[in-house]
Amino acid sequence: MNKLLILFKKDIKEYVSNNFKEQGKKKDIMGFVSSLVLIAFIYGVFIYVFKAFGEMYLSNVYDNVSVDTVNRLGELLTFVFGIILVVNVVNGARKIFSSISDSKDINVLICQPISSGVIFIHRFIKIYLSQVLTTLFILLPISIVLSVLSGVGGAVYYIMMLLSVILLPAMSSAIASLIALPYVLFMQFIEAKFIIRLIGYVIIIGLGFWVYGLFLNALNQILQSGQISNFFEMSTIYKINSVATKLYPARLFTNMMLGSFGWQSLLIALFGSIACLVGSFFLIRKIYNTFIQKRLEGFSSTYKRKGKIKKLNVLQALLLKEFKTVLRTPNYAFQYFATTLSLPFMVYICTQLLISMAKGLFATECNYAIAVFVVTMFGLLTNTFCATNVSRDGRMYAMLKTLPVKVEEVIGSKLIFSGVVSVISVMASSFSLLIGNLLTFGEAVFVFANGLLFSFAGIAYATKKDMVTPCFPSTENDEVTDSNSNLSTLILIGLIVSAISGVGSILISVVLGLKYSTRIAMLVSMLFESVLTVAVFVFAVIYLFKGLRKVYYERDI
Amino acid sequence: MNNEREKIVEIKGLCKRYGKASEYTIENINIECYAGEIVGIMGKNGAGKSTTIKCLTGYFPFNEGEITICGHNIKTDAVNAKMNLGYVPDTRPMFDKMTGYEYINFIADLHDVDVAVRQERIDEMESKFKLGDSIYNMISSYSHGMRQKICLMASLIHRPKLWLLDEPLTGLDATTIEALLKYMVDYKNQGNTVFFCSHNLDVLDRICDRVYIIGKGRVKTSLTMEEFRLKYPNQKLAQVFMSEIED
């Protein structure tokens with residue numbers, strides 16, 4: 001217990017030191033404020049949308065038949081608990097895995113007289129507490145909204161809600177720690193099998209987007225055909241009810257809040273959580289030390305390669321180095337290749353959806369302007385990978401200064417490496433819009449050129465920003481996973497630029513299209529877009545090259 | 001005598017301060033190294049040895065002074081200066097997602113070394129440092145000593161005129177230390193310069209031709225081993241070092 005307290009004291013001291021006491025550390029005020037605003041906005045939208053949906057769902061009349069509000073409330077609550085449980089389990093498993101594989105203090109703690117059981121409990125409590133907070137953050141507004149809408153409420157309702165906030169994360173953290181075991185084993189198995197892992201990523205991303213596409217297409221069809229009312233037929237409601245009543249353990253928490261077998265459900269949830277906790281504690285305690293030691297030993301020790309060596313010039317050597325670093329690091333590989341694969345798919349689906357929605361809203365066609373907006377936005381946002389272009393090299397970034405390479409070659413290799421992905425993904429995006437008959441050939445070529453220049457501008461800006469304020473990993477084996485000021489700045493600028501570009505183009509297309517002709521509207525829109533793109537590109541290039549040598553050579557790292 | 005030999009390193013009036021610190025970490029450092037000699041640099045922890053070495057490599061910027069390697073200024077002609085430099089840093093940073101063999105070849109590519117030549121050199125160094133098949137393993141799986149061996153091999157793949165080592169003996173086993181010291185002497189005998197810092201004064205005493213003692217960011221003493229033996233007969237370098245440092 002004493003050692004557990006020492007570990008928590010260490011966490012608090014580290015947090016205070018990192019956030020309030022560290023001398024000379026530039027505070028990411030812009031990132032903090034923009035994150036806060038973004039979170040508040042998303043939270044507000046979420047509550048608003050949920051309230052609107054709740055109103056619709058809890059209305060008493062379906063197919064002109066009056067139904068029970070408490071039943072509808074129960075269904076909604078059960079699905080909410082179910083979703084929270086699944087998200088908590090997945091997130092918890094990921095956190096437990098990273099507490100073994102990425103944690104920066106493990107190599108210190110493992111040498112101290114602290115048992116692996118205490119280390120695991122310390123990690124587990126942190127994960128549990130973070131899940132309690134997120135569960136409360138989601139469940140509290142939902143419970144209030146549903147209580148106001150349905151008229152169901154009272155002391156028991158809210159007490160049980162608070163008990164659910166305590167019990168549900170206990171259950172989800174315990175299940176997560178059990179799932180983490182095969183997850184860690186699997187990750188260990190594929191650690192050094194880079195090609196297999198890459199194929200796996202491609203399959204997972206492909207499947208994910210296929211499902212996402214199906215969902216968006218279905219949503220689009222429902223909105224277009226006005227068949228949304230079918231969702232609220234009594235037969236559908238009966239099916240939902242049937243699923244919700246069997247959806248355990250989520251249903252237990254609903255029963256607790258709504259009072260149907262409330263106390264029995266509370267006891268089952270309590271004993272279930274305790275059983276999961278005890279089971280996972282004994283199992284994980286047994287294997288935790290072994291896994292930590294394996295991690296310190298290096299999972300990749302089995303990798304061996306005796307490839308044939310070819311002589312490369314400096315730029316080729318640096319490019320190959322970038323490729324190997326990314327391919328052989330799971331997070332980087334996923335981010336890099338996900339960018340290539342996801343952009344065309346996202347662009348096609350979203351452009352199609354927006355175009356079909358715009359048809360109903362505007363009396364004129366503005367496909368081209370919508371495509372520009374979507375390609376610009378996704379193109380800029382998927383460049384967030386470049387916000388770690390320099391930091392990924394770790395201490396070797398500074399070591400490169402002792403080698404006979406110019407800063408232009410070091411940075412050039414990073415720009416080319418990121419640029420290749422941009423060219424492929426923007427080209428595939430434009431091609432998909434052309435093939436899908438959403439754009440003409442000329443429009444597709446313009447969208448490609450425009451999107452590419454925006455992407456290059458994003459890459460140049462992000463790389464230089466990372467040079468100026470790098471965020472190096474603290475140990476050799478660590479990966480740059482922390483979100484930092486560079487990332488938040490890049491996202492914020494990306495959103496602003498794409499909003500100006502997209503909304504400007506759409507407005508010009510609609511207003512001039514209605515007043516004059518579609519052709520004139522398109523020409524003016526293209527002119528606006530060209531000027532904006534070139535301006536952004538020129539700004540990014542100037543920012544990149546201004547003081548490049550000084551930042552590289554005359555900086556203590 | 002020095003004037004007849006090729007000057008490999010010249011550090012003149014080197015001053016360096018970190019960030020916005022009011023005082024210099026190293027001040028007015030003057031060092032010269034010639035072809036065919038081993039030069040040692042010693043001093044207490046925090047004396048400024050590593051800072052001097054890092055300025056020499058281009059790793060750190062410096063505020064005042066001038067540094068040349070084989071006549072090439074480290075600031076204005078950096079690439080040519082670094083073509084003549086092989087550097088083994090104290091922290092052994094490397095690209096951990098490469099194998100040892102890939103890393104050595106990466107360094108060889110940056111120094112424009114032909115494939116046949118580099119293979120010959122790798123085989124020759126491998127026979128001395130004995131990494132075996134581990135050279136094909138990923139660097140992230142290496143022990144401290146193995147990392148050090150790869151660093152040493154990579155720093156020599158282009159046969160630099162200046163071989164610069166910061167605490168090279170740390171983490172090496174006794175056999176490898178002996179092999180490394182012999183290698184340093186052989187390398188010097190081939191007409192190159194070996195410049196290194198170490199806390200192991202016996203080693204400095206044994207293989208150096210000249211030593212610089214640094215204290216509080218300044219060069220306290222500079223003398224050849226011949227001068228040392230004449231000036232301090234029957235004394236060990238360690239004794240002189242202690243008295244110089246205390247002064």
Side-chain angles (χ1 to χ4, degrees), chain A residues 23-24 191-192 194 297-318 320-329 332 392-407 409-410 473 475-479 549-550 552-557, chain B residues 16-20 54 56-62 74-75 78-87 89 91-99 101-116 118-119 122 133-143 147 154-155 158 164:
Chain A
Q23 294 291 315
E191 179 73 19
F194 307 114
E297 212 176 68
F299 284 151
S300 51
S301 57
T302 50
Y303 182 76
K304 200 178 271 292
R305 184 178 158 81
K306 290 185 184 179
K308 204 180 169 190
I309 297 293
K310 279 184 191 167
K311 191 180 173 186
L312 304 170
N313 64 33
V314 172
L315 195 63
Q316 288 170 333
L318 289 167
L320 186 62
K321 180 266 293 177
E322 290 289 329
F323 179 73
K324 281 175 181 166
T325 306
V326 168
L327 179 72
R328 295 171 184 178
T329 315
Y332 301 159
R392 281 198 303 271
D393 281 349
R395 282 187 296 171
M396 266 311 283
Y397 172 67
M399 259 303 285
L400 283 172
K401 291 202 288 182
T402 72
L403 296 166
V405 287
K406 295 175 184 160
V407 58
E409 289 165 331
V410 174
T475 64
E476 296 293 342
N477 281 324
D478 278 341
E479 295 165 20
R549 296 177 67 82
K550 194 174 175 177
Y552 185 70
Y553 291 111
E554 296 188 17
R555 206 182 143 79
D556 291 331
I557 295 170
Chain B
K16 156 84 184 163
R17 74 162 71 88
Y18 286 99
K20 290 172 184 168
K54 284 191 166 82
L56 173 58
T57 61
Y59 188 101
F60 278 161
F62 47 89
I74 195 72
K75 272 190 176 172
V79 171
N80 284 324
K82 289 165 193 173
M83 283 298 258
N84 293 290
L85 166 71
Y87 173 44
T91 50
R92 334 284 179 234
M94 279 179 276
F95 290 112
D96 283 31
K97 299 294 173 181
M98 287 182 179
T99 65
Y101 188 64
E102 286 171 342
Y103 180 73
I104 296 169
N105 276 286
F106 168 72
I107 300 294
D109 282 329
L110 301 188
H111 288 89
D112 197 26
V113 182
D114 281 333
V115 172
R118 69 176 80 163
Q119 192 54 55
I122 289 172
D133 227 22
S134 307
I135 198 170
Y136 301 108
N137 287 2
M138 208 185 269
I139 293 173
S140 57
S141 68
Y142 281 4
S143 70
R147 289 180 77 94
S155 70
H158 55 295
L164 186 57

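So that the names make sense, note that chain A is the first sequence line, chain B the second, and so on, each numbered from 1.
- For the pair Lys311(A) and Asp112(B), the minimum side-chain heavy-atom distance is below 4.5 Å.
- Residue contact with chain B, scored on non-hydrogen atoms closer than 4.5 Å, involves the backbone and the side chain of Leu318(A) alike.
- For Asn80(B), no part lies near chain A; criterion is any non-hydrogen pair under 4.5 Å.
- Side-chain atoms of Val326(A) and Lys97(B), non-hydrogen and from C-beta on, never get closer than 4.5 Å to each other.
- For the atom pair NE2 of His111(B) and CG of Leu403(A), the computed distance is 5.5 Å after rounding to the nearest 0.5 Å.
- Distance check: Thr57(B) OG1 to Met399(A) CE gives 7.5 Å after rounding to the nearest 0.5 Å.
- Considering only heavy-atom pairs separated by less than 4.5 Å from chain A, the leading option among Glu102(B), Gln119(B), Lys75(B) is Glu102(B).
- Of all the heavy atoms in Val79(B) and Pro404(A), the pair that sits closest is O-CB, 3.6 Å.
- Here the CD1 atom belonging to Ile122(B) is positioned 7.5 Å from the CD1 atom belonging to Ile309(A), to the nearest 0.5 angstrom.
- Contact of the Phe106(B) side chain with the Lys324(A) side chain is not registered, since no non-hydrogen atoms from C-beta on lie closer than 4.5 Å.
- For Asn84(B), no part lies near chain A; criterion is any non-hydrogen pair under 4.5 Å.
- In this structure, the portion of Leu85(B) lying under 4.5 Å from any heavy atom of chain A is its side chain and not its backbone.
- Note that CZ of Phe95(B) and CZ of Arg392(A) are 11.0 Å apart. Values are rounded to the nearest 0.5 Å.
- The two residues Pro93(B) and Arg395(A) make their nearest non-hydrogen contact at CB-CB, 3.9 Å.
- Note: Arg328(A) CZ to Thr99(B) OG1 = 6.5 Å, rounded to the nearest 0.5 Å.
- Contact annotation for Tyr103(B): only side-chain heavy atoms (C-beta onward) come within less than 4.5 Å of a heavy atom of chain A.
- In this structure, CG in Asp109(B) is found 12.0 Å from NZ in Lys310(A), a value given to the nearest 0.5 Å.
- There is no contact between Ile135(B) and chain A, counting heavy-atom distances below 4.5 Å.
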